[in-house]
Amino acid sequence: MTTTQGSTTITADDEAGQAAFDAVIAADSRIEPRDWMPAAYRKTLIRQISQHAHSEIIGMQPEGNWITRAPSLKRKAILMAKVQDEAGHGLYLYSAAQTLGITRDEMTEQLITGRAKYSSIFNYPTPTWADMGAIGWLVDGAAICNQVPLCRASYGPYGRAMVRICKEESFHQRQGFEILLSLMQGTDAQREMAQDAVDRWYWPSLMMFGPPDDASPNSAQSMAWNIKRFSNDDLRQRFVGMLVPQAEVLGVTLPDPNLRWNDETGRWDMSEIDWDEFFEVLAGRGPMNAERLRIRRDAHEDGAWVREAAAAYARKQAARVEDTREVA
Ligand SMILES: [Fe+2]
Ligand SMILES: [Fe+2]
C-alpha cells in the first residue's frame, strides 16, 4: 500500500520500518546500519558524527603546535600520544558516519571548504605551555561530560566508538590536570601562567555544551531519539560541579565571581555566558578559524601522494589475490 503525505511518498515498507524503529527506541535498544531509520534521524546523525570527527581532527592543531616545544622528553611523549589519540578518535567517528551512507571524501570536502562545522573551542590560540594543561583539564573534561552519555546513543556504531573514545579522554583530562598541578607547585611565573590559561579556556569550555536549553531547538528531537540523554544546561551544570573541587586542589581560581552553589535551586549560579562570542566563533570569525582550515587544507593536499600510494598498493594486493585464485 502506498499513501502520500505532503510531498513524501510513504510505502508499506516505510510504515513497517517506522514501527520497528519506534519499538527499538522505546526499548532503549540499538539501531544498526542496515536497519530502517527515518531520513531525519540519519541526517541528524551524519551531521553530528561528522562534526564530531572534524572536531577531533582540527583539535589536533592547538596541541600539535606544542609537541616540539614541550618542556621535557616525558611531556613530549605524553603530548604526542594524546594528539595521536585525537587522530584515532577522528578515524573511528568518520568510520561510524560512513555506515550511514556518506563517504569519507564527502566529509573531508565539507571540512576543507569550510561548509562543515566543528567545535568552536579549537579556534582559540595556544600561546603558552600552560594551555596544554588547561586544554586537557577543561576541554577534554567538557568533552567527557558531553560524551559519556553518548556511549548509550541509540545508533550502535556511534555509541560503540564513544566507549573507546571516553576511556582515552579520561587520560587526556588527567594529563592536563597534572600539567596544571606541576605548574601550580612551581614558581610564581609558572603559577601565573597556569591561572592565565585557566582564565582564557574556562568560558570557551562552558560554551562547548552548546546554547542554553531554551535556545537549542534540535535538542528535544535528539533526546526523543535517544541520541542525546541530557540537556545542554544540565551537562554544563554537571561539568561545573566537577571543576569546582578540582580547582581547589589545583589552587586555581575559576574566573567567575558569581559562581556559587545555590541550595534552593540545587544548581550552580553563574554569570551569563557571552553567547555573541560563541556565535561569532561558530560563524568562522574566531581568532584561529582561518588558520585551522588553511593548515587542514594544506595537510590534505600534502597527503595526496600517500592516498595515491595506498590506493595503488591496495589495487596490487587485490590483483595478487585474483592471480592466486586463478592458479588455484
Ligand atoms: Fe578526542
Ligand atoms: Fe581528548
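For the single chain, residues carry numbers from 1 onward in sequence order. Every number for a ligand or one of its atoms is a count from 1 in the order of the listing. All values below come from the heavy atoms of this structure, side chains included, with hydrogens, waters and symmetry mates left out.
With sequence neighbours left out, Asn123 forms a side chain to side chain contact (heavy atoms under 4.5 Å, CB included) with Tyr118, Val281, Asn289, Arg292. The side chain to side chain contact (heavy atoms under 4.5 Å, CB included) test applied to Ala215 returns Pro211, Pro212, not counting sequence neighbours. Judged as a salt bridge (charged side-chain N to carboxylate O under 4.0 Å, His left out), and not counting sequence neighbours, the contacts of Glu63 are Lys82.
In this structure, Arg69 places its CZ atom where more than 12 heavy-atom neighbours from other residues, nucleotides or ligands lie under 6.0 Å away.
The cationic atom of Arg200 (NZ for Lys, CZ for Arg) does not lie both less than 6.0 Å from the six-membered ring centre of Tyr124 and within 45° of the ring axis.
Protein atoms of type N/O/S that fall under 2.8 Å from the Fe ion (ligand 2) number 4 in this view.
Note on Asp234 versus Arg238: no salt bridge recorded, every NZ/NE/NH1/NH2 to OD/OE distance being 4.0 Å or above.
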